[in-house]
There are 4 protein chains.
Amino acid sequence: MDQADLPPSPALKPGRGRRRAEDVRRAVLAAAAELLLSDGIPGVTFAKVAALAGVSKMTLYKWWSSPGSLAFEAYFHLFAETLAFPDTGDIRRDLTTQLHAFAGLLRHNGAVIAGIVGAAQSDPDLAAALSEQYVRKRRQIAVERLATARQAGQIRPDVDLETIVDQLWGACYHRLLLPAEPIDTGFTDRLIANLFAGIAPPGPPGPPGPGASPPAR
Amino acid sequence: MDQADLPPSPALKPGRGRRRAEDVRRAVLAAAAELLLSDGIPGVTFAKVAALAGVSKMTLYKWWSSPGSLAFEAYFHLFAETLAFPDTGDIRRDLTTQLHAFAGLLRHNGAVIAGIVGAAQSDPDLAAALSEQYVRKRRQIAVERLATARQAGQIRPDVDLETIVDQLWGACYHRLLLPAEPIDTGFTDRLIANLFAGIAPPGPPGPPGPGASPPAR
Amino acid sequence: MDQADLPPSPALKPGRGRRRAEDVRRAVLAAAAELLLSDGIPGVTFAKVAALAGVSKMTLYKWWSSPGSLAFEAYFHLFAETLAFPDTGDIRRDLTTQLHAFAGLLRHNGAVIAGIVGAAQSDPDLAAALSEQYVRKRRQIAVERLATARQAGQIRPDVDLETIVDQLWGACYHRLLLPAEPIDTGFTDRLIANLFAGIAPPGPPGPPGPGASPPAR
Amino acid sequence: MDQADLPPSPALKPGRGRRRAEDVRRAVLAAAAELLLSDGIPGVTFAKVAALAGVSKMTLYKWWSSPGSLAFEAYFHLFAETLAFPDTGDIRRDLTTQLHAFAGLLRHNGAVIAGIVGAAQSDPDLAAALSEQYVRKRRQIAVERLATARQAGQIRPDVDLETIVDQLWGACYHRLLLPAEPIDTGFTDRLIANLFAGIAPPGPPGPPGPGASPPAR
DNA sequence: TAATAATCGAGACGGTACGTCACGTCTTTTT
DNA sequence: AAAAAGACGTGACGTACCGTCTCGATTATTA
């Protein structure tokens with residue numbers, strides 16, 4: 001959640017009533033984060049957050065539309081989420097850096113993230129928050145970096161950049177949410193290698209140049 | 001979840017009083033499917049299934065470990081899951097066929113599937129059933145077909161096949177579970193094109209010529 | 001509730017600040033009366049009155065000690081409560097007139113009155129207001145008229161007049177608050193008849209003759 | 001509440017399910033009675049009773065229609081309500097005995113009784129229970145005793161007996177619910193004296209016998 | 001005329017009860 | 001012996017009202 005959205009910084013509204021107490025919001029987010037880390041998403045319950053934060057349930061219902069969206073905000077409050085996209089000029093190097101960090105994040109916070117994404121499937125409010133405040137923003141950042149690379153001639157001009165996002169980060173989410181294989185740096189490296197060099201053998205089929213690719217696994 | 005517990009294949013139990021357990025199971029699955037399609041995963045509740053199927057809650061608890069796993073089984077009972085993998089000898093054509101069908105499935109049953117995957121994130125029993133009875137089986141089928149193609153020289157020998165699965169089907173799941181862009185046949189075609197031909201520009205992997213074409217999309 | 005607090009006649013306090021707005025009081029009483037008639041006593045809530053009257057809750061808490069006492073005041077504001085006691089010189093005729101009117105009042109406003117009396121049982125502020133502003137005043141008016149009649153020889157000199165009040169009006173309240181039989185003019189007439197003539201058979205108060213007549217009613 | 005009504009004695013229903021736990025009912029009534037005596041009617045809350053009795057709220061909602069009716073049943077469970085009507089053959093003596101006991105009851109348990117009657121004014125379920133299980137029964141008992149007296153010639157044959165009930169017990173309830181004067185034995189004695197001998201002076205008006213009554217107050 | 005100060009609107013907040021729902025365990029009776 | 005029927009405890013849900021508490025705007029006195 002953002003500095004502009006739900007909890008307007010104090011003294012923004014000229015309204016006449018009592019101003020929103022900022023410490024209440026902090027206490028709530030702290031309590032929610034604590035429950036989130038200890039019990040996972042299903043532990044983030046309005047009743048428990050209220051009790052833990054010494055806050056009325058009514059207050060929670062007033063400011064958050066569902067326990068899920070509260071948990072989501074608490075999570076983002078925790079990890080101020082830099083994960084910024086580097087730009088060294090070399091797109092493969094930057095993607096490698098980024099995906100290594102992402103894989104590390106999934107390995108450490110995977111359970112919480114998976115819980116949030118899972119809960120979003122049956123909580124429209126959480127789904128909306130997740131989409132607007134996370135998914136679209138991150139896609140946009142990635143697509144912008146990829147566009148720069150395309151302009152620089154490091155990606156073929158006819159390639160759809162959104163699709164690339166799904167084939168890199170989406171592949172990682174796949175292994176998080178439908179677990180079968182590990183999410184390690186080898187995996188992200190292969191993602192990049194496959195995608196850049198292609199998996200088709202060199203030669204006749206198609207006009208790719210003779211650029212042989214490095215061994216994968 | 002066990003091969004002996006959950007859905008005993010017909011006439012497995014040696015129960016003496018020759019219980020009529022099989023029609024009970026059918027009624028339960030029918031009721032669960034009805035609830036699943038009308039109210040989604042959160043509507044599949046032991047209490048409601050019991051009432052709808054005219055069955056005791058105790059019976060449900062005996063055979064299913066959680067409402068989620070019951071819903072999962074009901075879903076698979078519904079769609080006996082043909083989605084078989086064709087083998088025409090041309091891997092790109094077969095992948096295209098398969099992914100078109102998969103995209104169609106996600107467009108029609110996406111909500112239910114997303115609900116099940118979402119619920120699995122906080123229901124270990126459902127997660128186990130999903131993994132054992134769905135995820136691993138489908139990965140295996142896909143990997144086997146890809147292995148055939150690799151043997152046939154249609155895929156480079158050094159490519160890791162599991163990774164390909166994540167970059168094709170995983171990318172689709174990504175768009176299902178963290179929605180931002182549509183899942184249409186154009187998308188799946190681009191997935192295949194990107195992956196086979198690679199996204200790097202042709203020629204020496206170094207800096208491409210200045211004749212850049214205009215960005216796609 | 002006090003003669004100085006609640007509805008101070010305008011311009012009593014010499015305080016320096018802004019004076020109490022009389023129209024506020026009117027709006028509040030009108031809103032309370034509306035709620036009282038539509039939803040009964042339990043509908044007269046500070047929150048709802050405040051919203052309906054366009055008034056702050058603080059204002060209500062300042063001027064009324066409980067929702068019940070506000071409802072009570074609203075009710076008396078509505079029915080300026082004349083129900084004056086006639087004095088034609090004939091106490092039986094006057095009582096009959098008065099009790100007919102009272103029975104009519106209970107039949108039309110019985111629910112509201114019963115609600116107020118009922119709420120008073122668990123609202124000391126309302127109970128105090130009811131006692132001071134209603135019960136004692138009405139008892140006093142009745143007792144005064146009865147005293148006149150006693151002086152005039154229409155009531156035996158040794159009779160306690162307070163007790164009569166309970167045996168006439170109290171009997172009506174009984175049927176209002178613990179309903180079992182109707183409150184009609186026949187009832188009030190019988191109250192008066194019983195009380196004036198007594199229910200004992202004529203003749204020596206000892207054992208009456210065996211000639212019992214058939215039961216009335 | 002009775003051994004036949006709300007909580008059907010065990011083994012009445014041929015239903016298949018688990019039988020109602022009798023100890024649960026006992027624990028609930030004990031807890032409700034405790035709260036009733038300590039905090040009055042407003043203290044008898046489903047939430048508090050559930051917590052005190054170690055019982056689920058759901059159970060309370062299943063068996064009692066409102067906190068008020070639970071409190072009512074608990075009260076009657078406490079005072080198994082002897083207050084039987086004596087029949088010595090002398091109606092005035094029996095009424096005196098009865099009303100002395102009743103006045104004592106009101107002096108000792110007046111607050112609780114007033115609370116129950118008051119709550120009944122805004123709780124239809126409690127009102128129904130009160131009417132069916134208390135008011136009508138007690139009126140009937142009294143009317144039957146009075147009918148016997150009337151048959152024995154101790155009450156004039158044309159007198160309506162229901163009205164008498166309101167003029168004796170109803171007068172006491174009046175002083176309980178709209179307090180102004182004490183409820184002592186002097187009061188109940190005067191009620192009887194007034195009613196039997198009448199309050200009209202002897203002589204011309206009407207044919208009452210010469211039996212002058214002793215001074216009242 | 002301007003400062004003063006009570007009054008009032010709006011509304012946030014903690015607290016407590018309400019009534020509902022589903023879960024999971026347990027018991028009783030029927031088949 | 002299995003199954004239905006269902007009672008029960010647990011605990012979250014979402015709503016309503018109460019009573020207290022700020023803010024900021026209003027307005028009638030008093031300086």
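The analysis underlying the following values was restricted to heavy atoms, covering all of them including side chains, and did not include hydrogens, waters or symmetry mates. Keep in mind that this is a model prediction, so the values were computed, not measured. Chain A is the first sequence line, chain B the second, and so forth, proteins listed ahead of strands; every chain is numbered from 1.
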For this session: Round to the nearest Å and state the distance from B/Arg25 atom CZ to F/dA2 atom C1'.
Result: 18 Å

Problem set entry | Distance in angstrom units between B/Asp125 CG and E/dC23 P, rounded | 14 Å

Exercise. B/Leu60 has an atom CG; how far is it from atom P of E/dT25, in whole Å?
Worked result: 13 Å

Exercise. Side-chain donor or acceptor of B/Ser56 under 3.5 Å from a matching atom on the base of F/dA3?
Worked result: no

Exercise. Between the side chain of C/Ser56 and the main-chain N/O of C/Met58, is any donor-acceptor distance below 3.5 Å?
Worked result: yes

Exercise. B/Met58 or A/Pro67: which one's nearest nucleotide on DNA chain F is closer to the 5' end?
Worked result: B/Met58

For this session: Report which part of the nucleic acid B/Phe46 touches: base, sugar-phosphate, or nothing (heavy-atom distance under 4.0 Å, all strands).
Result: sugar-phosphate

For this session: Whole angstrom is fine here: how far is it from CG in A/Asp23 over to C1' in F/dT22?
Result: 13 Å

Problem set entry | d(CG, B/Leu35; C1', E/dA22) in whole Å | 13 Å

Exercise. Nearest-Å distance, CG (B/Leu70) to P (E/dC23)?
Worked result: 10 Å

For this session: Kindly say if D/Trp63 contacts the phosphate of F/dC8, meaning a side-chain N or O under 4.0 Å from OP1 or OP2.
Result: yes

Exercise. Of the options D/Leu35, D/Leu36, D/Val55, which is the one that meets D/Val49 in a side-chain contact (heavy atoms from CB on, under 4.5 Å)?
Worked result: D/Leu35

Exercise. So, is C/Thr59 close to the E/dT7 phosphate, meaning a side-chain N or O under 4.0 Å from OP1 or OP2?
Worked result: no

For this session: Ignoring the backbone of B/Thr45, work out which of F/dA4, F/dA7, E/dC23 is nearest its side chain.
Result: E/dC23

For this session: Select from D/Lys62 and A/Tyr61 the residue whose nearest nucleotide in DNA chain F is closer to the 5' end of that strand.
Result: D/Lys62

Exercise. Is a salt bridge present between B/Arg25 and B/Glu73, judged by a nitrogen-to-oxygen distance below 4.0 Å?
Worked result: yes

Exercise. Can you find a donor-acceptor pair, distance only, under 3.5 Å between A/Lys57 side chain and E/dG14 base?
Worked result: no

Problem set entry | Nearest-Å distance for atom pair CG/P, residues D/Leu52 and E/dA17 | 12 Å

Exercise. Over how many whole Å does the gap from C/Asp123 atom CG to F/dC17 atom P extend?
Worked result: 17 Å

